[in-house]
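Below is one structure; the comments refer to it alone.
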Amino acid sequence: MLSSSLLVGCGQSASDSGSADIIDKPDYHPTDRQYTIETLEAFGRVSAPVVSPDKSKILYGVSYESVELNKSNLDLYVMNIDGTDNQRLTRTADSENGAVWIDGGKKIAFTSPVDGKPQLWIMNADGSGRRAVSNVEGGIGGFLFSPDESKVVMIGSVKYARTAQDIYPDLDKATGRVIDDLMYKHWDEWVTEIPHPLVGDFDGQQVSNVVDIMQDEPQYEAPMKPFGGIESFAWAPDGKSLIYVSRKKTGVDYSLSTNSDLYLYSLADGSTRNLTEGMMGYDTNPVFSPDGKYVAWLSMEHDGYESDKNRIFIMEMATGEKTDLTSDWDYTADAIAWRPDGQAIYFIAPKDGVTPIFSVALASKEVSVVADGTFDYAALAPVDNETLITMRHSMIQPNELISVKGSEVKQISDVNTELLAAIDMPKVEARMVPTTDGKQMLTWVLYPPQFDPSKKYPSILYCQGGPQSAVSQFFSYRWNLALMAAHGYIIIAPNRRGLPGFGTEWNAQISGDYPGQNMKDYLSAVDDMKKESYIDPAHIGCTGASYGGFSVYWLAGNHNGRFAAFIAHAGIFNTEAQYLETEEMWFANWDLGGPFWDKNNAVAQRTFASSPHKFVDRWDTPIMVTHGEYDFRILASQGMMAFNAAKLRGIPAEMVIFPDENHWILKPQNAVMWQRLFFRWMDRWLKDEK
């Protein structure tokens, strides 16, 4: 178990507000071995491991949530490479994020707030000597030291768009936004600033001489919003150049394109060179080989397709020659890391309903399995040519740290071992379901603890979002399928058309066919499960978020009596409205097929003709709608329209609007509220608890 001992006092945090605000591991003890909402909130959340320069230690973080304080807090821990001698390094009211080893392992760098803004901090490896070393206006979103640590790139921000005061300085209290192009909002914010790379000198004590290396391009993002982070940067091993990722487009052009590129910035003369010019899709996650001879990165082929196959490319820096290492491998990669000898690249990729670790050899392009099983792996920290440290989770276990050495795979952290031992978890089973077009579909089925096949159980169909997000062995703190099963439901989670892990054809099929084959796949899974004597056919529910919410709304008008209750979160109800309400137009064009006014576009016309709102006249089943008002990806008005339609149709309906949440429900108390309402609604209609 994790040691609760504190190596040193860390009272130097500028925003440490005392022990009352420090969030520690909760004193939680399950009742009657039940897996409940409170159990889910009590789990420790493990962050990615970082191996020390001498390969003897692992640095990682663990965060816990406080429902009472309505926030979470991440502290740092260190252990030996084999998992022994686990120690806690920090205990403050602020999180220590993005921690890495520096100074040969003698010190640790991380971000933490100063006056409410994240800055770069350093401390000794034992947790002492903690101090802030940057003072960037507005704070930083991450950092990456050069190999010799004389330089550091930090993610800062620059002003974007016009304010009322820019136009009329005398109107100092005016709040109107003047907008003359697209991308004025993105995911959960009105875009008033964008990220830029700031490079500064570091002498071991302070960051100085900070320069925005894109100061002549204030209109372009680096990294790309909303999800880009420090993985968008890579220092050359000699520290003389830096690669950054950017999509150098604005407005309408930005909204229509996914064409990002890798740019090589020279510290000597400030010049910038596009390394991937002519490669038209997303190019991201650059990583230099240990000797600097190559750079590897993830590359999508098609402009405007955000869920294209992520290929692993390498480029020889001396010649510019590019090679697709996965040209003969029909799956999409999620993360990459060089093997220390530079002869192979480790990567993580969904395949056949799980997410193993693979390696691909540079010389032969041969792909090999490094670690697999009924798990999803989630980090890559190579130690030597035979050993790496990673994280692993499943539908019934949150992340823990794992050591992989050849064929030996060993769990080396025990953040949640004690709590898991005190509860009964559901059984997870893989089931192959025949589809309407003669294929076989992997469907995960979760059975309640103490499942008795002689009894009948209510069940819930889980509809995945994305739409191209894997239904693998994911562990979610919101869509926790094991929690649903532990509440007495059999959960049906199909890997329907449009999901990665089953080849590019299976993944790509959904684009332009939202109401088509994947909906038939959902119904095939339900009909196949209904053959089992333990399924109560009169009490089957259906739920999902985002595209999963679209699925719920569409199925509500096309289920032919299969379902007894629906819950949709952040779903698309009216695809015509969605086309003009969303911001990333490349997504709408690729997946919906194009604009609804293009009458000669057969794909688009089929999509819009089959919008969920077109089938409201067939709605006959209770439905609950939830949405966040900060969701600018799918506006809350979509949920409001669906709720209003249900009420006007005389259908039992409930709506929950979160005014301070985005596409996800992130605040602890809102998350607990959502879970409680979820089960209250499902129990009411699927367990006859009216």
Side-chain angles (χ1 to χ4, degrees), residues 26 28-45 64-65 67 353 374-376 392-400 415-431 443-464 471-494 525-526 529 532 534-536 539-545 548 564-565 567 569 624 626 665 668 671-689:
Y28 171 77
H29 303 283
T31 302
D32 298 327
R33 302 191 59 80
Q34 294 293 308
Y35 180 26
T36 64
I37 300 170
E38 291 72 26
T39 315
L40 181 65
E41 289 296 315
F43 282 130
R45 308 183 186 195
Y64 290 99
E65 287 199 338
V67 175
T374 311
F375 305 101
D376 283 1
R392 189 178 72 184
H393 57 261
S394 71
M395 288 181 176
I396 57 175
Q397 179 181 352
N399 270 327
E400 294 285 359
V415 175
N416 295 299
T417 301
E418 183 179 31
L419 182 51
L420 286 168
I423 59 176
D424 293 327
M425 286 299 251
K427 174 189 173 184
V428 181
E429 178 181 272
R431 182 185 182 103
T443 298
W444 293 111
V445 181
L446 289 82
Y447 300 91
Q450 290 83 49
F451 170 70
D452 183 349
S454 68
K455 297 181 179 179
K456 284 193 178 293
Y457 291 85
S459 58
I460 298 174
L461 172 71
Y462 169 72
C463 301
Q464 178 69 307
V471 179
S472 52
Q473 280 295 305
F474 69 93
F475 187 94
S476 170
Y477 285 91
R478 270 260 288 121
W479 294 95
N480 193 279
L481 305 190
L483 181 63
M484 298 178 194
H487 201 78
Y489 294 100
I490 293 175
I491 308 304
I492 308 165
V526 171
M529 286 297 297
E532 304 293 350
Y534 48 76
I535 294 288
D536 181 352
H539 292 91
I540 302 176
C542 177
T543 190
I567 297 179
H569 174 72
M624 176 177 167
T626 72
I665 307 300
V672 171
M673 177 185 179
W674 187 91
Q675 297 281 7
R676 290 177 179 175
L677 291 171
F678 179 95
F679 290 119
R680 186 182 75 168
W681 185 259
M682 286 300 191
D683 290 353
R684 176 182 177 185
W685 301 104
L686 302 185
K687 294 183 178 180
D688 294 325
E689 296 181 6

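Along the sequence shown, residues carry numbers from 1.
Rounded to the nearest 0.5 angstrom, S472 OG and H393 NE2 are separated by 6.0 Å. Distance CZ/F375 to CD/Q397: 7.0 Å, rounded to 0.5 Å.
Not a single salt bridge (charged side-chain N to carboxylate O under 4.0 Å, His left out) links R478 to another residue, sequence neighbours left out. Applying the ring-ring contact (aromatic ring centres under 6.0 Å, His included) rule to H487 yields the partners F679; only residues at least two apart in sequence or on another chain are considered. In this structure A430 satisfies the side-chain contact (heavy atoms from CB on, under 4.5 Å) test together with L442, W444, sequence neighbours excluded. Take Q675 and apply the side chain to side chain donor-acceptor pair (under 3.5 Å) test, not counting sequence neighbours, and it matches no residue. Remark: A485 pairs with P426, L446, I491 by the side-chain contact (heavy atoms from CB on, under 4.5 Å) rule, at least two apart or across chains. In this structure K427 satisfies the salt bridge (charged side-chain N to carboxylate O under 4.0 Å, His left out) test together with E429, sequence neighbours excluded. Annotation: side-chain contact (heavy atoms from CB on, under 4.5 Å) contacts of M425 (sequence neighbours excluded): Y35, I396, L420, I423, A482. For Q473, there are no side chain to side chain donor-acceptor pair (under 3.5 Å) partners two or more places apart in sequence or in a different chain. For F43, the ring-ring contact (aromatic ring centres under 6.0 Å, His included) criterion is met by F475, not counting sequence neighbours. Every ring-ring contact (aromatic ring centres under 6.0 Å, His included) that F678 has, sequence neighbours left out, goes to W674. Considering only residues two or more places apart in sequence or on other chains, A564 meets the side-chain contact (heavy atoms from CB on, under 4.5 Å) condition with L686. Checked against ring-ring contact (aromatic ring centres under 6.0 Å, His included), F451 has the following partners two or more places apart in sequence or in another chain: Y447, Y457, Y534.
Looking only at distances, a side-chain donor or acceptor of N416 sits under 3.5 Å from a matching main-chain atom of G44.
Shown here for A525 and I492, the closest heavy-atom pair between the two residues is CB-CG2, 4.1 Å.
The number of heavy-atom neighbours closer than 6.0 Å to CZ of R33, taken from other residues, nucleotides and ligands shown, is above 12.
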Given the rule in the side-chain contact (heavy atoms from CB on, under 4.5 Å) test, do H569 and I665 qualify, once you have shown the distances and angles that lead to the verdict? CA-CA 10 Å; H569 174 72; I665 307 300; 3.7 Å; yes
One pair to check against side-chain contact (heavy atoms from CB on, under 4.5 Å): M529 and T443. What are the steps and the verdict? CA-CA 10 Å; M529 286 297 297; T443 298; 5.7 Å; no
Would you check, one step at a time, whether the test side-chain contact (heavy atoms from CB on, under 4.5 Å) holds for T39 with Q34? CA-CA 8 Å; T39 315; Q34 294 293 308; over 6 Å; no
List the steps, then state whether side-chain contact (heavy atoms from CB on, under 4.5 Å) holds for Y489 with L481. CA-CA 10 Å; Y489 294 100; L481 305 190; over 6 Å; no
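Side-chain contact check for I490 versus P448: some heavy-atom pair is nearer than 4.5 Å.
Under the 3.5 Å distance criterion, with hydrogens and angles disregarded, a donor-acceptor pair is assigned to the side chains of T36 and E38.
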